[in-house]
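Worksheet: one structure, shown below.
Throughout, a chain's letter reflects where its sequence line sits, starting with A, and its residues are numbered from 1.
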Protein chains: 2
Amino acid sequence: MPDTQGGESLLFLTDEQLRQGIEAMFFAYRGFTADPDRILATMAYGRAHHRAIHFIARRPGTTVNNLLGILGVTKQSLNRVLRTLVEDGLVDSRVGTSDKRERHLYLTEDGAALERKLSDAQRARMRAAYRTAGPEAVAGFRKVLEAMMDPDLRRKYYAIREEDS
Amino acid sequence: MPDTQGGESLLFLTDEQLRQGIEAMFFAYRGFTADPDRILATMAYGRAHHRAIHFIARRPGTTVNNLLGILGVTKQSLNRVLRTLVEDGLVDSRVGTSDKRERHLYLTEDGAALERKLSDAQRARMRAAYRTAGPEAVAGFRKVLEAMMDPDLRRKYYAIREEDS
DNA sequence: ACAATACGTCAGCTTTGTTGACATTCCAAG
DNA sequence: CTTGGAATGTCAACAAAGCTGACGTATTGT
């Protein structure tokens, strides 16, 4: 593989370097979604279901509105996904206690089982990539990704992690 | 790796760390496509057109079959996209000289102009992210992305870069 | 009392992917 | 020279997942 590492900042930001980064993102994202996609293809679910399940698992009790903000889709689009998940008994939608307009979302046992299955597959690839690349590379990886996000989404990305406190 | 890295590596690959990497990919990819998407939304084109245009620009004269392998879609799906691009005079499809079954794809002037517009927008974000993160981070970024690709796609990713020789 | 919010839903449309079937053209092997 | 297979194009039908717009219903806050 040709090492096009310029090293110096000037060479570093050539269009060719940037183009390679763009293509790397494109090809890597395909790998990133490949394993869950394979699992989902055997059921009546798609990538949209996976995303919903992921963030419900991450933040149990999250509201529909909050999920909308994270996923960046319309409520109609999310609703279609959520409806099938609730119907199929993977997600539990509970009316809010303090504000009864809100619906709080939780995974059922079945939902959690599917989440684990999908998550395991995706994490396995991530783990392998991390191992191959090494800790320093991972730190850089994260740094560039965070810098690439829209500010609005970056805030949400941090918020999800901070809610643990 | 020395022992000092051993303990770190264990912590390092916790599910939580991996989960954060997964979410970073998700949010960053949104940013990655945001700018071209905004431009494309003003025309009758979508992300699929962008991808085709990108790789035709990258490898002028590439065949349909080659493009299929890179993009990973069916020929019917790609054909629909290519047809509109040819009709609109952005792409030129020329019958192969050595093998007349093949079609070699080129951007017209208009096609190249659109490609530049899309590419500029996407590279601007990439450049900003690279600057923010720094050269070392970028090296790590690329390393992890490459490790994340399917072997098949990784070969294609390298192949596209090597064809310059 | 009234406006705003959160959610759900109906209807219709777009993009982009999929299968399957079939025609054409052409290269290459028998 | 014929024929099989490869590369391409195209038709049809369909699905996933996004979108807009409109409307209804609780519920909440002013």
Counting side-chain heavy atoms from CB outward, which of [options] is closest to [X]?
X     : options               : result
B/T74 : D/dT10, C/dT18, C/dA6 : C/dT18
A/A48 : D/dT8, D/dA17, C/dC7  : D/dA17
A/S77 : D/dG9, D/dC19, D/dT10 : D/dC19
A/V73 : C/dC27, D/dT8, D/dC19 : D/dC19

Do any side-chain nitrogens or oxygens of [X] fall under 4.0 Å of OP1 or OP2 in [N]?
X     : N      : value
B/H49 : C/dT15 : no
A/R51 : D/dG18 : yes
B/N65 : D/dT8  : yes

Discussion item. Contact between B/I22 and A/M126 at the side-chain level, heavy atoms closer than 4.5 Å - yes or no?
Written reply: yes

What's the [atom1]-[atom2] distance between [X] and [N], to the nearest Å?
X      : N      : atom1 : atom2 : answer
A/N66  : C/dT5  : CG    : P     : 17 Å
B/R80  : D/dT10 : CZ    : C1'   : 12 Å
B/D99  : C/dT25 : CG    : C1'   : 10 Å
A/E102 : D/dG29 : CD    : C1'   : 14 Å
A/L68  : C/dA6  : CG    : C1'   : 10 Å
A/E87  : C/dT9  : CD    : P     : 9 Å
B/H50  : C/dG17 : NE2   : P     : 14 Å
B/R94  : C/dT25 : CZ    : P     : 22 Å

Worksheet item: Which of parallel (below 30°), tilted (30 to 60°) and perpendicular (above 60°) describes B/Y157 and A/F27?
Response: perpendicular

Item to complete: May I ask you to decide if the ring planes of A/H50 and A/H54 are parallel, tilted or perpendicular, using 30° and 60° as cut-offs?
Response: perpendicular

Practice prompt. Using a strict cut-off of less than 4.0 Å between a Lys/Arg side-chain nitrogen and an Asp/Glu carboxylate oxygen, indicate whether B/K117 and B/D120 qualify as a salt bridge.
Written response: no

Practice prompt. Can you check whether any acceptor in the base of D/dA26 is under 3.5 Å from a donor in the side chain of A/R101, or vice versa?
Written response: no

Worksheet item: Looking at C/dG12, does its base get a donor-acceptor pair with the side chain of A/Q76 below 3.5 Å?
Response: no

Discussion item. Heavy atoms only, 4.0 Å cut-off, all strands: where does A/K100 land among base, sugar-phosphate and nothing?
Written reply: sugar-phosphate

Worksheet item: Base, sugar-phosphate, or nothing: which does A/T84 touch, judged by heavy atoms less than 4.0 Å apart?
Response: nothing

Practice prompt. Can you establish whether the number of heavy atoms outside B/E87 located under 6.0 Å from its atom CD is more than 12?
Written response: yes

Response to the item:
Contacts of B/K75 and A/Y45 projected onto DNA chain D by closest heavy atom; the upstream (5') one is B/K75

